[in-house]
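I have placed the structure first, in the form of structure tokens, so that the comments after it can refer back to it.
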Amino acid sequence: MTSAIDPGLDLFAEIDRLRQQKKAVILAHYYQDPDIQDLADHLGDSLELAKRARDTDAEVILFCGVHFMAETAKILNPKKTVILPDLDAGCSLADACPADQLRAWKAKHPDHFVVMYINCAAATKAESDVICTSSNAEKIIRAVPEGRPILFGPDKNLGAFLMKKTGRKMDLWPGACMVHETFSAMKIAALKAKHPTAKFIAHPDCEDHVLALADYVGSTSKLLEFVQQDASPKYIVGTEANILHTMHKAAPHKELIAVPYEDRTAACQGCNTCPHMKLNTVEKIYLALRDLKPRIEMPEELRVRALKPLQRMLDLS
Ligand code: 13P
């Protein structure tokens, strides 16, 4: 695919020219590679990027994130062209709970209220009562009428964290984030002992025994905010390691340590970074803007069903 690019091209200048010419906005998640974070018009967590996508007056949304994020932008903004540099940029959580499996789970629990993490496909969203992200999940769970049983998915780790936080019992779908699941509690404890002034801050997608070591738990945006506002000189950052790039820029005087992980597979070459996010590259961003593809498309009937629980989330946020 990249062989079609003239090697003499200044891709960053071309991306700037094309984004103006095509009236495009580039949205990027903190888990993207540093170069991509730096060229984005807006950086954010899943909730902030969904709101940016909803509110933009650009004609084209180039989404630098994974498939469910770009799909969310399309659900909220059907008239706009939404492009994702690599359509294969998926998510282990989204893969864990396809719509037909959620339908079967619901059929066994017909009286339950279904709360789904935004990390799922449009067809799964369409089967849900409300969507949440890691930054508004507690609020969303607290808004479910008292006494109504809850099905929560696809992230069992976020679900377990929310049960502790809210005291609400929920049935959890057994999905997990392939990145957050590799973090090693033993290695984190050893790092904490070696750096006694460091705080361990963690994303709620981490496993329970990892969260038990955390001084602070929050979404990517909340972790970024915490590092800027908190007084400690040092942090061990318990989420996808590319966020360290923007954290360094936002708090240059702080020392940041990427979370240590278990090398569970022989091929693991940095298991605290997301292999799906890595599929988006500067070359593919250039091609996507030049050709206005690959596009996110979905049947209108599905979009309308997926919009309902998403809109409910935005109304509650
Ligand atoms: P936030 O963007 O809500 O921080 O979550 C990122 C994510 O997808 C974690 O797996």
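The chain is numbered in sequence order, starting from 1. Indexing begins at 1, ligand by ligand and atom by atom, following the structure's order.
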Measuring from non-hydrogen atoms of Glu240 to any atom of ligand 1, is the shortest distance under 4.0 Å? no
Heavy atoms of other groups near Arg19 CZ, more than 12 under 6.0 Å: yes
What atoms in ligand 1 come closer than 4.0 Å to a heavy atom of Tyr117? 5 (O), 7 (C), 9 (C)
Enumerate the atoms of ligand 1 whose separation from the nearest heavy atom of Thr220 is less than 4.0 angstrom. 1 (P), 2 (O), 4 (O)
May I ask you to check if ligand 1 and Ser134 share an N or O to N or O distance below 3.5 Å? yes
Could you establish whether Tyr30 and ligand 1 come within less than 4.0 Å of each other, counting only heavy atoms on the residue side? no
Check each heavy atom of Val179 against ligand 1 and say whether those closer than 4.0 Å belong to the side chain, the backbone, both or neither. neither
Using a strict cut-off of 4.0 Å, indicate which atoms of ligand 1 neighbour a heavy atom of Asp45. 1 (P), 2 (O), 4 (O)
Relative to the heavy atoms of Ser219, which atoms of ligand 1 are at a distance of less than 4.0 Å? 4 (O)
In terms of atom number and element, which parts of ligand 1 are under 4.0 angstrom from non-hydrogen atoms of Asp205? 9 (C), 10 (O)
Which residue pairs pass the side-chain hydrogen bond (donor to acceptor under 3.5 Å, both in side chains) test with at least one member in residues 58-84, sequence neighbours excluded? none
Is it the case that the side chains of Thr133 and Ser135 hold a donor-acceptor pair, with the cut-off being a distance below 3.5 Å and no angle test? yes
N/O to N/O below 3.5 Å, does that happen between Asn119 and ligand 1? yes
Can you classify the ring geometry of Phe226 versus Tyr216 as parallel (below 30°), tilted (30 to 60°) or perpendicular (above 60°)? parallel
Less than 3.5 Å between some nitrogen or oxygen of Ser46 and one of ligand 1, yes or no? yes
Take Met178 and His276, measure what side-chain contact (heavy atoms from CB on, under 4.5 Å) needs, and give me the verdict at the end. CA-CA 10 Å; Met178 64 190 287; His276 294 288; 3.9 Å; yes
Between ligand 1 and His29, is the shortest N or O to N or O distance under 3.5 Å? yes
Does either side chain, that of Asp16 or that of Gln20, offer a donor lying less than 3.5 Å from an acceptor on the other one? no
How are the rings of Trp173 and Trp105 set to each other: parallel, tilted or perpendicular (split at 30° and 60°)? perpendicular
I'd like to know if the side chain of Asn242 pairs up with that of Gln37 as donor and acceptor (distance under 3.5 Å, no hydrogens or angles considered). no
The test is side-chain contact (heavy atoms from CB on, under 4.5 Å); show your working for Tyr286 and Leu9 and say whether it passes. CA-CA 10 Å; Tyr286 161 71; Leu9 269 189; 3.3 Å; yes
Nearest protein heavy atom to atom 5 (O) of ligand 1, by residue and atom, and its distance? His203 NE2, 3.2 Å
